[in-house]
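Notes to accompany the following structure.
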Amino acid sequence: MNDIGVRDALPAGFVAAARTIAGAAGVIDDPAGMAPFAEDRRKRYPGRAALVLRPASTAEVSGLVALCAGAGVAIVPQGGNTGLVGGSTPDESGREAVLSLARMNRVIAVDPIDNTIAVEAGVILAEAQDAALAADRLFPLSLAAEGSCTIGGNLSTNAGGTQVLRYGNARDLVLGLEVVLADGRVLDLMRALRKDNTGYDLKQVFLGSEGTLGIITRAVLKLVPRPRETVTAWIGLDGPTAAVALLADLQGATGGQVTTFEYIPRSCLEQLLRLIEGHRDPLREPWPAYALLEATSGRSQGLRGTVEAALGEAMEKGLVRDATIAESEAQAGALWRIREELPEGEKRAGAAVKHDVSVPVSRIPDFFEGAEGAVARAFPGARVSAFGHIGDGNIHFNVLPPHAPDTDRFLARWDEVNRVVEDVAIGLGGSFSAEHGIGRMRQASFERYKKPLEIELMRRLKTAFDPHGILNPGRVVARP
Ligand SMILES: Cc1cc2nc3c(=O)[nH]c(=O)nc-3n(C[C@H](O)[C@H](O)[C@H](O)COP(=O)(O)OP(=O)(O)OC[C@H]3O[C@@H](n4cnc5c(N)ncnc54)[C@H](O)[C@@H]3O)c2cc1C
């Protein structure tokens with residue numbers, strides 16, 4: 001089918017040419033079929049696709065990108081469409097084509113000697129993790145969307161998640177990359193080398209570039225030994241100051257074996273217990289805040305004793321109020337589900353103005369105090385729900401309206417709220433976007449906080465890699 005909208009937006013013969021390259025399964029042009037590809041996760045950016053392209057190989061991506069470049073058709077790359085900043089869906093013009101990598105979903109090889117996994121960009125993160133485990137290895141990128149986000153999306157957003165503390169961001173896990181450039185040429189950097197100082201490390205340019213500089217089609221990723229012992233604990237605390245001090249103590253006691261350290265205030269837990277069935281309070285008494293701790297070791301025993309002793313000492317110092325260590329995988333799973341379902345609890349509690357800020361870990365207590373105070377002064381009655389990857393200094397600081405009838409009026413002040421919260425993070429040497437990226441949602445903050453020279457250099461990169469501005473235009477950095 002080829003409706004009026006599609007004919008308007010695309011040059012004559014474009015759809016047929018796309019089908020010649022990618023076959024019938026590689027092109028969707030009926031409005032109902034295209035609609036899911038045009039809806040962003042937060043439903044903040046209503047969009048309409050000119051066409052959805054679903055190539056099954058690098059050669060097909062290359063052919064389709066060359067076709068789009070020749071016709072001046074803008075391309076929005078898309079993986080699992082779990083991104084939270086409006087970067088993976090088309091705008092309202094009906095002129096942008098979505099290029100979905102979902103059909104490029106092959107795990108190419110796992111090499112337990114090189115400790116690598118080679119994948120196509122559309123492989124779901126959980127499937128890459130499973131393939132690594134089958135070879136007795138760990139692919140350590142982990143986030144709540146792992147059942148639907150893709151490796152291509154993870155690398156394009158330089159995703160973070162719950163194990164950054166130990167293993168780094170997505171960027172740190174990449175050895176090799178294959179990218180289709182804006183003119184359709186294929187840049188083959190699929191190396192599995194740990195050392196390679198042969199000029200500029202070009203792959204780094206594409207990591208975190210949110211589909212604005214090239215389309216990632218394949219990658220070689222690092223694996224690490226599979227942990228033999230995992231200790232998961234839920235810890236009652238007085239607040240962020242205790243949390244930060246406790247993390248430093250636990251890192252010292254375990255020799256850096258803390259993998260996850262997530263912060264959850266009591267208010268977030270209560271909200272979850274109230275709104276989502278199947279959870280229970282892990283501790284007998286309520287405490288102002290909690291940390292979800294996971295530590296892992298390559299040895300099969302000894303870590304639990306170390307963690308228990310460290311928590312005991314921290315309790316004597318007054319850093320820990322109470323704690324429970326999971327006795328089974330099921331108990332650990334229940335603790336993890338609390339953390340993973342916090343965003344859903346928050347969604348059910350109502351709309352909120354979102355932030356994804358980071359500060360140096362040592363400044364987390366200052367951030368909480370400063371941001372909560374600034375919000376209370378600027379928006380009296382507004383409620384704060386702030387949780388997150390405190391071990392990386394990353395807080396998802398969400399501001400809820402004072403009362404339900406005020407919701408729309410409050411949400412209309414989204415940018416104002418962002419500014420109040422992000423000013424505090426920036427003032428502490430932090431970032432306004434720790435792990436979700438810029439997309440369309442953080443454009444105003446990007447212009448506000450990035451230094452003019454940084455923006456100038458990014459624009460030059462954009463012009464060098466995408467001179468005609470066809471790759472995800474208007475996301476991240478606008479061309480001059
Ligand atoms: C419940 C939930 C929890 C989340 N938790 C985290 C978290 O802890 N940490 C975190 O970092 N993020 C988190 N996210 C955000 C999101 O999951 C990540 O940004 C993820 O990396 C996006 O992957 P994706 O495949 O869904 O990409 P998409 O959403 O499809 O795309 C994201 C961006 O990458 C571009 N892109 C996608 N594929 C390619 C490609 N092959 N080549 C070039 N560009 C491409 C898109 O154009 C877009 O700009 C969460 C999201 C949800 C819904």
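Remember, it's 1-based here, ligands and their atoms both numbered in the order they're listed. For the numbers below, each heavy atom of this structure counts, side chains included, while hydrogens, waters and symmetry mates do not.
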* Structure fact -> Separation between OG1 (T157) and CG (L155), nearest 0.5 Å, reads 8.0 Å
* **Proximal atoms of ligand 1 relative to A159 (non-hydrogen, under 4.0 Å)** => 11 (O), 21 (O)
* Rounded to the nearest 0.5 Å, how far does CD of Q251 lie from CZ of F261? -> 9.0 Å
* Asked: atom 10 (C) of ligand 1: which protein heavy atom is closest, and how many Å away?
  -> E435 CD, 3.5 Å
* To do: Report yes or no: does G437 have a heavy atom closer than 4.0 Å to ligand 1?
  => no
* Within reach of ligand 1, part of N472 (heavy-atom separation under 4.0 Å) -> side chain
* Asked: Please state which protein non-hydrogen atom is closest to atom 31 (O) of ligand 1 and give its distance, to 0.1 Å?
  -> S88 CB, 3.4 Å
* What residue and heavy atom of the protein are closest to atom 50 (C) of ligand 1, and at what distance? -> L84 CD1, 3.8 Å
* Between R339 and T260: side-chain donor-acceptor atoms closer than 3.5 Å -> no
* Kindly identify the option in T150, T157, I75 whose heavy atom sits closest to atom 32 (C) of ligand 1. => T157
* G214 neighbourhood, listing ligand 1 atoms whose heavy-atom distance to it stays under 4.0 Å -> 43 (C)
* R459/E447 salt bridge by N-O under 4.0 Å criterion -> yes
* Asked: How close does the nearest protein non-hydrogen atom get to atom 1 (C) of ligand 1, and which residue and atom is it?
  -> A144 CB, 4.2 Å
* **Set of residues satisfying ring-ring contact (aromatic ring centres under 6.0 Å, His included) with respect to H389, sequence neighbours excluded** => H396
* Candidate pair V399 and F410, rule side-chain contact (heavy atoms from CB on, under 4.5 Å), full reasoning -> CA-CA 10 Å; V399 185; F410 184 73; 3.6 Å; yes
* Determine, for R442 against E422, whether the closest basic-nitrogen to carboxylate-oxygen distance falls under 4.0 angstrom. => yes
* What protein heavy atom is closest to atom 6 (C) of ligand 1, reported as residue, atom name and distance in Å? -> L143 CD1, 3.6 Å
* Asked: Judging by distance only, is a nitrogen or oxygen of G80 under 3.5 angstrom from one on ligand 1?
  -> yes
* Asked: Are the charged groups of E346 and K354 less than 4.0 angstrom apart, N to O?
  -> yes
* From atom 41 (N) of ligand 1, work out which of I216, L141, D356 has a heavy atom at the shortest distance. => I216
* To do: Measure from atom 51 (C) of ligand 1 to every heavy atom in T89, T82, I215 and give the option owning the shortest one.
  => T82
* Structure fact -> One finds that the ligand 1 atoms under 4.0 Å from a non-hydrogen atom of H389 are 8 (O)
* To do: Let me see the working for R383 and S267 under side-chain hydrogen bond (donor to acceptor under 3.5 Å, both in side chains), right down to the final yes or no.
  => CA-CA 10 Å; R383 292 156 297 144; S267 55; over 6 Å; no
* Looking only at protein heavy atoms, identify the closest one to atom 20 (C) of ligand 1 and say how far it is in Å. => N154 ND2, 3.6 Å
* Structure fact -> Filtering G83, A170, G153 for the heavy atom nearest atom 38 (N) of ligand 1 leaves G153
* Asked: Have S88 and N81 got a donor and an acceptor in their side chains that come within less than 3.5 Å?
  -> yes
* Measuring from the heavy atoms of G161, does anything fall under 4.0 Å of ligand 1? -> yes
* Asked: Any salt bridge between D111 and R137, counting N to O under 4.0 Å?
  -> no
* Structure fact -> S156 heavy atoms within 4.0 Å reach ligand 1 at atoms 34 (O), 35 (C), 36 (N), 39 (C), 40 (C), 42 (N), 43 (C), 44 (N), 45 (C)
* Asked: Under the side chain to side chain donor-acceptor pair (under 3.5 Å) test, which residues partner R448, sequence neighbours left out?
  -> none
* To do: Using heavy-atom distances, let me know which of R218, E340, R41 sits nearest atom 53 (C) of ligand 1.
  => R41
* Tell me, please: is V76 in heavy-atom contact with ligand 1, that is, under 4.0 Å? => no
* Return the residue, atom name and 0.1 Å-rounded distance of the protein heavy atom closest to atom 12 (N) of ligand 1. => H436 CD2, 3.6 Å
* Report yes or no: do T217 and E178 form a side-chain donor-acceptor pair below 3.5 Å? => yes
* Say you draw a straight line from CD of E341 to NE2 of H279; how long is it, rounded to the nearest 0.5 Å? -> 3.5 Å
* Within a distance under 4.0 Å of any heavy atom of G211, pick out the atoms of ligand 1 and give their elements. => 43 (C), 44 (N)
* To do: Between L101 and ligand 1, find which residue part has any heavy-atom pair under 4.0 Å and reply side chain, backbone, both or neither.
  => side chain
* Close approach of Q78 to ligand 1, heavy atoms, under 4.0 angstrom -> yes
* Nearest heavy atom to atom 11 (O) of ligand 1: which of P77, G87, G79, G160 does it belong to? -> G160
* To do: Run the numbers for me: atoms of ligand 1, each under 4.0 Å from some heavy atom of A145, listed by number.
  => 2 (C), 3 (C), 17 (O), 51 (C), 52 (C)
* **Electrostatic pair E270:R266 at N-O distance under 4.0 angstrom** => yes
